Amino acid sequence: MRSNGRAFHPIHPLLDSNSSRSAHGKRLRIRARRLRCCRSGDLMLSPRRFLIVFVAFLASASVVPSAVAAQAYLIADAQTGYILEEQEPRKKLQVGSLTKIATACVVLDWSERKSGDLNGAVAIPPEAFRGTTENNIGFQPGDTISLRDLLYAALVQSDNIAAYTLAYHVGSRLEGVEATAKLTPADMFVAQMNALAKQLKMERTRFVNPHGIDWKVKPLPYSTAEDMARLTRYAMNKPSFRFYVSQKERQISFNRQGQQLSYMLRNTNELLGQNGIDGVKTGRSSRAGDCLILYANRESEVVRNGQMETVYPRHLMVVLLGSTSRFGEGAALMQRGWQLYDQWAAAGRMADPKKIL
């Protein structure tokens with residue numbers, strides 16, 4: 001038998017041969033020394049080899065997915081809708097008060113199309129208190145408040161009563177649909193929310209109320225990280241919406257039987273104002289867990305190629321559903337998102353059409 005042109009003599013470890021035992025023993029001693037060197041750790045590596053191993057480690061670490069315990073998340077370039085990373089993006093989940101993003105969009109669309117006056121005062125109906133267990137602002141049925149302050153209350157402090165009042169008022173003014181015993185103004189408004197979802201190709205979304213409450217509600221509402229990202233891009237294209245969700249605090253006022261009352265809203269988004277984050281919304285329920293949508297900006301990148309100059313706006317979006325630590329995970333995903341964005345931009349911003357929202 002020959003191997004690589006050299007004579008090959010197989011040696012069985014049980015052969016009773018002095019030369020065989022000697023050669024075998026020598027190989028064992030060499031192997032033992034090599035094993036001791038390997039077990040002694042990185043200190044035995046030459047500086048050059050250590051550098052190569054370290055660089056390889058960094059390269060591999062940059063592509064390891066984030067360790068996120070949330071049920072679903074998505075990171076996307078908000079400018080183009082290109083998805084940089086995702087986990088269970090199409091899984092149907094409850095989204096809690098993220099629903100109020102759709103509520104605000106329908107109100108703002110109605111105001112733009114029908115010249116609705118957001119400064120006009122409306123009365124809070126008794127129906128707004130049904131099914132909700134929180135009333136941090138202290139509203140009472142019959143209080144009058146402007147639509148603008150209701151939008152602030154719904155988006156900044158995620159108030160359920162404010163969201164329902166918006167839906168009740170706008171729903172009663174929608175043209176072409178009349179309320180019946182089974183179809184209330186709020187129901188008609190929710191129909192517009194679902195029509196908007198269809199328009200935005202949110203194919204795995206169902207809204208059943210304007211605030212996202214899912215306790216003792218049938219059928220259950222649901223959406224996905226991917227669908228909520230589509231909705232957020234639509235909402236953030238509205239300057240007024242961007243302004244509402246960027247406010248850390250906002251004082252609102254309302255009238256109660258002739259007495260003017262005020263309340264200081266505080267944004268439920270604890271990451272607002274950090275690292276370029278200027279929105280968007282929190283959500284929480286026992287079914288949904290903790291949910292969060294973040295939107296962040298960096299200074300536009302200017303790329304020059306000879307006489308040509310291209311400006312790339314840099315907007316990043318993170319959608320996080322079913323978390324137990326939304327602000328910790330949200331901050332980590334945003335940081336990772338900018339790393340992924342920089343890698344994508346450096347590679348020429350090539351976008352797979354299948355990964356566009």
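Being a predicted model, the structure only gives us computed values, none of them experimental.
Side-chain polar atoms of S158 and K281 form a donor-acceptor pair below 3.5 angstrom. For the residue pair D290 and S323, no side-chain donor N or O sits within less than 3.5 Å of a side-chain acceptor on the partner. Side-chain atoms of N297 and D278 form a donor-acceptor pair, as typed in the model, at a separation below 3.5 Å. Side-chain contact check for S146 and N119: no donor-acceptor pair (N or O, by modelled atom type) lies under 3.5 Å. No side-chain N or O of N269 forms a donor-acceptor pair with one of K248 less than 3.5 Å apart.
Between R266 and V156, the closest side-chain pair of non-hydrogen atoms is not below 4.5 Å. Between W215 and T132, every side-chain heavy-atom pair lies at or beyond the 4.5 Å cut-off. Contact of the M317 side chain with the L294 side chain is not registered, since no non-hydrogen atoms from C-beta on lie closer than 4.5 Å. Taking 4.5 Å as the limit, some side-chain heavy atom of V122 sits within range of a side-chain heavy atom of L150. The shortest distance between side-chain heavy atoms of P141 and I124 does not fall below 4.5 Å. Within the 4.5 Å cutoff, no side-chain heavy atoms of D77 are placed close to those of Y312. A heavy-atom distance below 4.5 Å is found between the side chains of M202 and F207. Counting heavy atoms from C-beta outward, L93 and S223 have side chains that stay 4.5 Å or more apart.
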Evaluate the side chain to side chain contact (heavy atoms under 4.5 Å, CB included) criterion for residues L316 and M334: first the C-alpha distance (whole Å), next the side-chain angles of each, then the deciding distance (0.1 Å), finally the verdict. CA-CA 8 Å; L316 197 66; M334 183 60 73; 3.5 Å; yes

Worked verdict on L155 versus F241 for side chain to side chain contact (heavy atoms under 4.5 Å, CB included): CA-CA 9 Å; L155 292 173; F241 181 91; 3.9 Å; yes

Could you walk me through whether L231 and L196 pass side chain to side chain contact (heavy atoms under 4.5 Å, CB included), step by step? CA-CA 9 Å; L231 176 63; L196 174 62; 4.2 Å; yes

Going through the checks in order, is the side chain to side chain contact (heavy atoms under 4.5 Å, CB included) test met by T282 and S97? CA-CA 7 Å; T282 63; S97 288; 5.8 Å; no

Y152 and Q157: side chain to side chain donor-acceptor pair (under 3.5 Å), yes or no, with the steps? CA-CA 7 Å; Y152 278 118; Q157 197 162 301; over 6 Å; no

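Taken from CD in Q71 to NZ in K92, the straight-line distance is 15.0 Å, to the nearest 0.5 Å. One finds the CG atom of D149 at 10.5 Å from the CG atom of L118 (value rounded to the nearest 0.5 Å). Atom CG in L74 sits 9.0 Å away from atom NZ in K355 (nearest 0.5 Å). To the nearest 0.5 Å, the span separating CG on L98 from CG on D227 amounts to 12.5 Å. Remark: N267 CG to Q247 CD distance equals 8.5 Å, nearest 0.5 Å. With values rounded to the nearest 0.5 angstrom, N237 atom CG is found 7.0 Å from R242 atom CZ.
With hydrophobic clusters built from ILVMFWY side chains whose heavy atoms lie under 4.5 angstrom apart, Y263 does not share a cluster with Y164. Under a hydrophobic-cluster definition in which Ile, Leu, Val, Met, Phe, Trp and Tyr are linked whenever side-chain heavy atoms come within less than 4.5 Å, directly or via other members, L151 and F243 are assigned to the same cluster. Both L84 and L333 sit in one connected hydrophobic cluster of ILVMFWY residues. Membership requires side-chain heavy atoms under 4.5 Å apart, directly or through other members. Clustering ILVMFWY residues whenever any of their side-chain heavy atoms sit less than 4.5 angstrom apart, transitively, puts F129 in the very cluster that holds L261. Note on L183 and L166: same hydrophobic cluster, where clusters join Ile, Leu, Val, Met, Phe, Trp and Tyr whose side-chain heavy atoms are under 4.5 Å apart, directly or indirectly.
Within a 6.0 Å radius of CD in Q199, other residues, nucleotides and ligands contribute more than 12 heavy atoms. Other residues, nucleotides and ligands place no more than 12 heavy atoms under 6.0 Å from the NZ atom of K114. Annotation for Q335: atom CD does not count as buried by contact number, only 12 or fewer foreign heavy atoms lying within 6.0 Å. With a 6.0 Å radius and a threshold of 12 heavy atoms from other residues, nucleotides or ligands, M264 has its CE atom above the threshold. Summarising the local packing, CD of E249 is surrounded by more than 12 heavy atoms from other residues, nucleotides or ligands at distances under 6.0 Å.
The two residues M236 and V280 have their closest heavy-atom pair at SD-CG2, 4.0 Å. Scanning both residues, T224 and P89, for their nearest heavy atoms gives CB-O, 3.2 Å. When all heavy atoms are compared, the tightest approach of D159 to K100 is O-CE, 3.4 Å. Of all heavy-atom pairs spanning I213 and N209, the tightest one is O-ND2, 2.9 Å. Of all the heavy atoms in L320 and Y73, the pair that sits closest is CD1-CB, 3.9 Å. Scanning both residues, L357 and R230, for their nearest heavy atoms gives C-NE, 3.8 Å.
Distance alone, capped at 3.5 Å, places no donor-acceptor pair between the R206 side chain and the P219 backbone. N194 places no side-chain N or O within 3.5 Å of a backbone atom of K198 that could act as its donor or acceptor partner. Between the side chain of N135 and the backbone N or O of F139, at least one donor-acceptor pair lies under 3.5 Å. Q259 places no side-chain N or O within donor-acceptor distance of the main-chain N or O of N255, the cut-off being under 3.5 Å. Between the side chain of R130 and the main chain of P126, no donor-acceptor pair closer than 3.5 Å is present. At distances below 3.5 Å, not a single donor-acceptor pair connects side-chain atoms of D342 with backbone N or O atoms of Q339. Under the 3.5 Å distance criterion, the side-chain polar atoms of R250 are left unmatched by any main-chain donor or acceptor of L265. When atom types are taken as modelled, the side chain of R326 and the backbone of L292 share no donor-acceptor pair closer than 3.5 angstrom. Of the possible polar contacts, one joining the R287 side chain to the D214 backbone as a donor-acceptor pair under 3.5 Å is found. The backbone N or O of E270 lies less than 3.5 Å from a partner atom in the side chain of Q274, making a donor-acceptor pair.
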Side-chain donor/acceptor pairs under 3.5 Å, residues 300-307, sequence neighbours excluded:
from, atom 1, to, atom 2, distance (Å)
E301, OE1, R349, NH2, 2.6
R304, NE, E309, OE1, 3.0
R304, NH2, E309, OE1, 3.3

All N/O donor-acceptor pairs, side-chain side in residues 102-109, below 3.5 Å, sequence neighbours left out:
from, atom 1, to, atom 2, distance (Å)
T103, OG1, P210, O, 2.5
D109, OD1, Y234, OH, 3.1
D109, OD1, K238, NZ, 2.4
D109, OD2, Y234, OH, 2.8

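For Y168 and F189, the gap between ring centers reaches or exceeds 6.0 Å.
Annotation: cation-pi geometry satisfied between R298 and W338 (NZ/CZ under 6.0 angstrom from ring centroid, within 45° of ring axis).
The pair E85-R336 counts as a salt bridge, with a side-chain nitrogen and a carboxylate oxygen less than 4.0 angstrom apart.
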